[in-house]
There are 2 protein chains.
Amino acid sequence: MSRVHLAPSAARKGVRSAKPALPLDVILKGDCVAAMEQLPEKSVDMIFADPPYNLQLEGALHRPDQSKVDACDDHWDQFGSFAHYDAFTRAWLLAARRVLKPNGTIWVIGSYHNIFRVGASLQDLGYWILNDVVWRKTNPMPNFRGRRFQNAHETMIWASRDQKAKGYTFNYESMKAANDDVQMRSDWLFPICNGGERLKDEDGAKVHPTQKPEALLARVLMSASKPGDVVLDPFFGTGTTGAVARRLGRHFIGIEREQAYIDAATARIDAVEPHDGKSLTLVAGKRAQPRVAFLSLIEAGLLEPGTELTDPKRRWTATVQADGSLCEGGEQASIHRTGARVQGLDACNGWTFWHFDDAGTLKPIDALRQIVRDRMAAAGG
Amino acid sequence: MSRVHLAPSAARKGVRSAKPALPLDVILKGDCVAAMEQLPEKSVDMIFADPPYNLQLEGALHRPDQSKVDACDDHWDQFGSFAHYDAFTRAWLLAARRVLKPNGTIWVIGSYHNIFRVGASLQDLGYWILNDVVWRKTNPMPNFRGRRFQNAHETMIWASRDQKAKGYTFNYESMKAANDDVQMRSDWLFPICNGGERLKDEDGAKVHPTQKPEALLARVLMSASKPGDVVLDPFFGTGTTGAVARRLGRHFIGIEREQAYIDAATARIDAVEPHDGKSLTLVAGKRAQPRVAFLSLIEAGLLEPGTELTDPKRRWTATVQADGSLCEGGEQASIHRTGARVQGLDACNGWTFWHFDDAGTLKPIDALRQIVRDRMAAAGG
DNA sequence: TGTCGCACTGAATCGATAT
DNA sequence: GATATCGATTCAGTGCGAC
């Protein structure tokens, strides 16, 4: 196993006499289980892991414009069966648990393909789940075939080493302060990693298929670690964990098998300018006006299916359907499409066009949307 | 096992001759595994399950070998109780899978305490996960001790019976129309069940500790079932699933052990006023409409053989043949194959690609298909 | 230099029917 | 059951070039 030392200044100042054998601010090349077994036990404060998701993709997927989706079909994501994946998962979780300090915590991110197996293995091995945290994506990939809900989130599990470990780090007050003085919730809103943050090679191709956004890691590290802590990432990839750790004054240990990822991570982390802890601010992550589905008005009981809606001049009438569409002249479509159709226009804002009768006066359904927005406001975007 | 019949009018009109043994709109009293084993196999369209996750509610804590677990101190005892929960989970998921139609789907809701075990068991038993859907609570209970993030969501898993089952119900067009004409995402925002909806006893105490909001069930049923479908809830509780099913024109089968819950559910469901059937129709996407052969347009006189068709940018031209094919560059094939070939693509929707000249403006031949469909509908299908 | 339009992209378990 | 054909389907954003 070879070591790639990084960020020498950070490494120098961070060497701890109590744990002389623990390499800091380095990337260890090799298999993560073998690498973790070489580390001293009970030595790291936090583990962040983004393991392979075990996606089981059959054929190619095309967008409606017939372009091909660049799938994550890398060899490291191929497992023969759930049993193989479980064995892999237990092995690295076990090695991770040995390395973790008694009061340390672990974060694992995944999707529905793998997260249930990861969560069950965590529990089986004695970890104690503290929260599951949902990363809601502001800009997820659509479901191109229209056969499912848009897969708009991923799940992180946050767990302590065991049930009785009560001294784990959780910066409750700073999370609350960063969240308009209310408790930080278990659902976080962040964009996916793209634009200038996304690492590209000379050809403009993405270096790593699943690079995570730094904002996500920043909240993880800010909420559940302290300055000077050691954060281990056994699936280091292109080093988002390392870059954020260095920026936030934490030490990192990365483990990665692919030299190309190590090279990219090395350059990336070396370019990071560490901040002092005081200048750190959290991304609020709220959006100006969260979307409210017309269906929500019906689900909330503000509109009954069968209700008749009209335009302000009562020229047209349409019936509210239980599925959140409008029915007019035998045709059934959204509030917007129906409003456009009756007027013979290409587009229409159904929220302001359609009105309901409130004790003799016409009011736009937008007023009901505002009621829903007010009720939902506490939850943020 | 006793049966409590409910909503007699709905039950009468809903009896299906094809499945005489399937009780509809009833609550079956007893253990859900035993009750499901009494139902005919492959008989229900959807299952919604809100299983208990508090291990204490599962009776005395026993390992699978029936040895008693005296304390949950170390992680092996944890594993023992998790194994017990897994056995319980597998038992009811297996019985549920037998009752489910081949194209049926199951929804299971849970929190981080149990959802990972449920999800892994679903996968182990052959279910195929379609989405995990996050219920974001507008008004979750705070974390009183300030040691964790506010637990502000629960997770639902939506799965088909098998990987191969592609014909499951998903009302994609309804959901999209109901959500400002963009796809419905996997994160849903709803308030928790309180206020007038929350069932209380004479003393003002909650009848059931985990009553789910009707709005949540309404979106589940509206997105993934059709009017007239049979929805089974093996952990019926106070009957949210039944109440919403009745309101939305779906049949329900509830299974519940506690008489107090059955009594509350019975009264609650009897008081539900079903929506008018006309307001329950779903948005009909193209997939739901009858297929029309391109030849039919020619036979109907809407297109003359010899007519020239072009793409929207007039880059290519093809000639309509009398046999319902297109001719371009000396080659003759279907509208789809020809469109794909001229663009150098694998696939193409000829209906939207090819246009005809209507007094100077290009219109897609899909418009002519709609005329044929309208005529077919007017003629009574 | 500002605006507009077009091309491109992201952890994706993404048919149905007739022969 | 396997094969062939029909034909249905995308959101939020970045970046570049045209004008």
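Only this structure's heavy atoms are used, side chains among them; waters, hydrogens and symmetry mates stay out. Every chain is numbered from 1, with letters handed out A, B, ... down the list of sequences.
Distances shorter than 4.0 Å separate none of the side-chain N or O atoms of A:Arg147 from OP1 or OP2 on D:dT10. Phosphate proximity of D:dT10 to B:Tyr172: present, with a side-chain N or O under 4.0 Å from OP1 or OP2. A sub-4.0 Å separation between OP1 or OP2 of D:dG13 and a side-chain N or O of A:Asn194 is absent. Note on A:Lys206: every side-chain N or O is 4.0 Å or more away from OP1 and OP2 of C:dA11. Side-chain N/O atoms of A:Arg198 include one lying less than 4.0 angstrom from OP1 or OP2 on C:dA11. Residue A:Thr138 places no side-chain N or O under 4.0 Å from the OP1 or OP2 atom of D:dA12.
Nucleotides C:dT9 and D:dT10 are separated by 12 Å at their C1' atoms, to the nearest Å. C:dT1 and D:dG17 have their C1' atoms separated by 14 Å, given to the nearest Å.
Neither side chain, A:Glu154 nor A:Ser111, offers a donor N or O lying under 3.5 Å from an acceptor on the other.
For the side-chain contact (heavy atoms from CB on, under 4.5 Å) with B:Tyr112, the qualifying choice from A:Val133, A:Thr155, A:Asp132 is A:Asp132, the only one to do so.
Straight-line distance from the CE atom of A:Met141 to the P atom of C:dA12: 4 Å, rounded to whole Å. Distance CG (A:Asn151) to P (C:dT9): 21 Å, rounded to an integer number of Å. Across the protein-nucleic acid pair, A:Asn143 atom CG and D:dA12 atom C1' stand 16 Å apart, rounded to whole Å. Here the C1' atom of nucleotide D:dG7 and the CD1 atom of B:Ile365 are 11 Å apart, to the nearest Å. Between A:His113 atom NE2 and C:dC14 atom C1' there is a gap of 10 Å when expressed in whole angstrom units.
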Dot-bracket encoding per residue of DNA chain C, Watson-Crick/G-U cut-off under 3.5 Å, | denoting interstrand: .|||||||||....|||||

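Less than 4.0 Å separates DNA chain D from at least one heavy atom of each of the following residues of residues 62-86 of chain A: A:Pro64, A:Asp65, A:Gln66.
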